[in-house]
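Numbers here are sequence positions counted from 1.
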Amino acid sequence: MDNFIDELNEQQKEAVTTTEGYVRIIAGAGTGKTKALTYRYAYLVDELGISTSNILCVTFTNKAAREMSKRIRQMIGDSDMGYICTFHGFCVKLLREDIHAINYPQNFVVMDNEDTEDILKTVYENAHIQSRTYTFDMARDHISAMKNEMQHITYLADISNDRLLADYEKASDIPEKVFLGYLYEQKKVYGLDYDDLITIALHILRTDAEKCRKWQERMMYVMVDEFQDVSGNQYALAEILSGYHRNLFIVGDPDQTIYTWRGARIEYILEFDKNHENTQTIFLNTNYRSTPDILAVSNSLIEKNKNRLPHRLVAVKPSEARPLYVHSRTTGDEAQWVTNEIKRLVEAGTKYSDIAVLYRSHFVSRSIEEAFIKTKIPYILYSGTEFYKRKEIKDVLAYLRMVAYAMICHFAG
């Protein structure tokens, strides 16, 4: 672990080794916050002997979670990284254990945006509602607002499908009818949308003291990335989960908040020290991406915002900069040229992760991928339709769900 720590600058070292209590990291753009997070995780495991099952590290995207897990495995070996995840991902894990608290089965279905769209189409058709009168966007906003109030969860847990259907059919107000119809169609298949994952998990933690204490004791260290963009419910989850051990480590940059339109409140990070006793604040100001001229312009602009924590980004010294090699070529024989260049760079000490290949259109990737596979060059392909969102994959998953439910009913009967 000492070798890893030596790779960090002084501010990053402080962030990694400050393990106890409430810690706020203000990490400007390009200052290595992901590195600080991953090294801190590895430090907790290697130096303090904390089990990975007792560390929750919340990132904002599945891609970031996968990248962080990959980096950490390279440092500490092949361990279970199940609690490096998004807020939604963590809530799925919690609900797989404890959703029976609201009388739902553990094999509930996580619905994506296309699933919710299909449910709305069904509700509109059955209720003879015109989308020109009450648009899907209006319906989604109303459903999301109602779910975030969380008043429906107890009702949903206790009511039968027949009673829910009756309430839906007798509703005369269109927003109420759509909402109840949506709940009915969801409950028929025990489906949860993205709002449900957060709100139902939070409901269980707030209303079931035994389950709450179980998760609090399990999560000895809670780390949250991109804290400037957390919503009220996400903030509440972090507070509750860290409420027993009181080890909450947050990373963010108030200068980069972009999600206020979906409920993020910058005050959560700006006023973190006011709401948590003995908060330690560490600034990561060394920028590894930009030149001094660019940083001077950005600093002068950002400093005009008075609602921020004062700090300035400083360009890294040239001797400390990490090289990034980018190749933009075409397809055909030049795929071989790309592989030869990558081999040359790697033999000279460049990491594969520091090399990017850009191409003009997605169809070009085939020849490059084939060349990489043939020469055993590891790669990650970005762009294109995600595998599980392809129509044919969603169809197969739907059939598999149907088969699974049929088998469950057969053996239960």
Check for me whether [X] meets the cation-pi criterion with [Y], that is, NZ or CZ under 6.0 Å from the six-membered ring centre and within 45 degrees of the ring axis.
X	Y	result
Arg24	Phe227	no
Arg265	Tyr268	yes
Arg40	Tyr221	no

Rounded to the nearest 0.5 Å, how far apart are [atom1] of [X] and [atom2] of [Y]?
X	Y	atom1	atom2	result
Arg344	Thr350	CZ	OG1	8.0 Å
Leu56	Trp215	CG	CH2	9.5 Å
Glu47	Leu44	CD	CG	10.0 Å
Ile342	Thr375	CD1	OG1	7.5 Å

Residues at least two apart in sequence or cross-chain that pass side chain to side chain contact (heavy atoms under 4.5 Å, CB included) with Ala201, listed by chain then number, are Cys91, Leu94, Leu95
Would you check if His142 and Val178 make a side-chain contact, meaning some heavy-atom pair closer than 4.5 Å? no
Would a 4.5 Å heavy-atom cut-off, applied to side chains only, mark Ile198 and Leu237 as touching? yes
Side chains of [X] and [Y] only: does a donor on one sit below 3.5 Å from an acceptor on the other?
X	Y	answer
Asp193	Tyr182	yes
Tyr155	Asp167	yes
Tyr83	Arg218	yes
Glu369	Tyr379	yes
Asn340	Gln336	yes

Where [X] and [Y] come nearest, the two heavy atoms and their spacing:
X	Y	result
Ile5	Lys13	O-CE, 3.2 Å
Lys177	Ala171	NZ-O, 3.3 Å
His245	Met219	CD2-O, 3.5 Å

Crowding at CD, Glu125 (>12 non-hydrogen neighbours, <6.0 Å): no
Between the side chain of [X] and the main-chain N/O of [Y], is any donor-acceptor distance below 3.5 Å?
X	Y	answer
Asp115	Asp112	yes
Glu341	Val338	no
Asp253	Ile26	no

Pairs involving residues 118-137, ordered by first then second residue, that meet ring-ring contact (aromatic ring centres under 6.0 Å, His included) (sequence neighbours left out): Tyr124-Phe136
Carboxylate-amine/guanidinium contact Glu97 Lys211, below 4.0 Å: no
Ion pair Asp137/Arg140, N-O distance below 4.0 Å: yes
Assess the residue pair Tyr168 and Glu176 against the criterion (side chain to side chain contact (heavy atoms under 4.5 Å, CB included)); give the C-alpha distance rounded to whole Å, side-chain angles, the decisive distance to 0.1 Å, and a yes or no. CA-CA 8 Å; Tyr168 154 59; Glu176 181 185 10; over 6 Å; no
Can you confirm whether or not the ring centre of Tyr104 sits under 6.0 Å from the ring centre of Tyr190? yes
Which residue, His311, Arg312, Arg308, forms the side-chain hydrogen bond (donor to acceptor under 3.5 Å, both in side chains) with Glu303? Arg312
Quickly, which of Leu202, Asn233, Ile143 forms a side-chain contact (heavy atoms from CB on, under 4.5 Å) with Asn148? Name it, please. Asn233
